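Below you'll find the structure, written out as structure tokens, and then a few comments.
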Number of protein chains: 2
Amino acid sequence: MSVAHTEVTPQAPGPCGDEDCGIRDVLDRLGDKWTVLVMVELSKGVRRFRELHRAIPGISQRMLTLTTRRLCRDGLVERTAYPTIPPQVEYRLTPVGRSLAETIERLADWSREHKDAMAAARERWDAAYPGEASEPR
Amino acid sequence: MSVAHTEVTPQAPGPCGDEDCGIRDVLDRLGDKWTVLVMVELSKGVRRFRELHRAIPGISQRMLTLTTRRLCRDGLVERTAYPTIPPQVEYRLTPVGRSLAETIERLADWSREHKDAMAAARERWDAAYPGEASEPR
DNA sequence: CCGGATCCGCACAGATACTG
DNA sequence: CAGTATCTGTGCGGATCCGG
């Protein structure tokens, strides 16, 4: 999600008072383009950097580095570097990371169940309002 | 999230073959800055445009319009406009939208359970690597 | 093999002013 | 009240080159 842009809500003062505060930082992490894909791949087992890179077509080395580092920083992924030559680095989910991966899987379940309904709704909407075909997204 | 930028994966050919394809378009919607907040607010009941606007501090009229319209387009929110004067527009979740709201609530549960652990992990990481304090996020 | 550093373009958010 | 129209800036993400 290239989500958190200008920090309108630096930390607490914003939309809080509700119970949605907690979910923001999680979605700020899941919202970007690659985090979920990395999590899903790592939920299948330990992966080396290059394995991740190949398993996720389209990601650049830079974005994979940034994504894995953020996940490490949040304690969701553990990084193990062997000082061999050539270098070898392994990534694996931490217990907390695994629990998040399971929660993500629930979301994926919902998606699979309702993606047809959503596609149908979009088709109906686009048929009803053909003017702004490409505008909303 | 300002997530889907350049369409590296126009539709299907990308990371698919896995089972993560389904979750992408859901997260592309949840990932942006406001959608989840709107969903959470609407999960409390029917809301008028201005009520939403006040309930979500920091959102601009434009972003609220775009967010609600996308949700309508996806069949998650229903919009009812009364041609009175002044105009009056009501937004409410559809059944599909409510089921997504429940799933979001699970994510929020996870967030509340683990946010302390994540904060602690970040503190440890930042203490260990003080160099790139602000860089990753 | 893994990652750091740098440059750049573009999509999206925000602000403001205006309309039915 | 509920949007629409337009302009502008920002920061994510991609590409590329370099280093250990």
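Only heavy atoms go into these numbers, but all of them, side chains included; no hydrogens, no water, no symmetry mates. Protein chains get the first letters and strands the later ones, always in sequence-line order, with residue 1 at the start of each. Fair warning: this is a prediction, and the values are worked out from it, not measured in the lab.
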Side-chain ([X]) to main-chain ([Y]) donor-acceptor, under 3.5 angstrom:
X: A:Glu51; Y: A:Arg48; result: yes
X: A:Thr67; Y: A:Leu64; result: no
X: B:Thr94; Y: B:Gly75; result: yes
X: B:Asp32; Y: B:Trp34; result: yes

Can you tell me how far [atom2] of [N] sits from [atom1] of [X], to the nearest Å?
X: A:Ile56; N: C:dC2; atom1: CD1; atom2: P; result: 14 Å
X: A:Asp28; N: D:dG11; atom1: CG; atom2: P; result: 14 Å
X: B:Arg69; N: D:dG3; atom1: CZ; atom2: C1'; result: 9 Å
X: A:Ile85; N: C:dC1; atom1: CD1; atom2: P; result: 12 Å
X: B:Ile59; N: C:dA13; atom1: CD1; atom2: P; result: 10 Å
X: B:Leu52; N: D:dG3; atom1: CG; atom2: P; result: 10 Å
X: A:Gln61; N: C:dA5; atom1: CD; atom2: P; result: 14 Å
X: A:Leu64; N: D:dT16; atom1: CG; atom2: C1'; result: 17 Å

Heavy atoms from C-beta onward define the side chain here; which of [options] lies closest to that of [X]?
X: A:Ser60; options: C:dC2, D:dT4, D:dG14; result: D:dG14
X: A:Lys33; options: D:dG14, D:dC1, D:dT4; result: D:dG14
X: B:Phe49; options: D:dG3, D:dG14, C:dG14; result: D:dG3
X: B:Pro86; options: D:dT4, D:dC1, D:dG20; result: D:dC1
X: A:Asp32; options: D:dG13, D:dG14, C:dG4; result: D:dG13

In dot-bracket, 5' to 3', how would DNA chain D read with Watson-Crick or G-U wobble pairs under 3.5 Å, [ ] for crossing ones and | for pairs to another strand?
||||||||||||||||||||

Less than 4.0 Å between a side-chain N and a carboxylate O, is that true for [Y] and [X]?
X: A:Glu105; Y: A:Arg98; result: no
X: A:Glu41; Y: A:Arg47; result: yes
X: A:Asp28; Y: A:Arg24; result: yes

Parallel, tilted or perpendicular, judged at 30° and 60°: which one describes the rings of A:His53 and A:Phe49?
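Rings of A:His53 and A:Phe49: tilted, 30 to 60°.
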
Has [X] got a side-chain N or O lying under 4.0 Å from the OP1 or OP2 atom of [N]?
X: A:Arg62; N: C:dA5; result: no
X: B:Trp34; N: C:dC12; result: no
X: B:Arg48; N: D:dC1; result: no

Would you mind classifying the nucleic acid contact of B:Tyr91 as base, sugar-phosphate or nothing, using non-hydrogen atoms under 4.0 angstrom?
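Sugar-phosphate only.
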
Does A:Met63 or B:Arg54 map to a spot on DNA chain D nearer the 5' end, using the closest nucleotide for each?
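In this pair, the answer is B:Arg54.
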
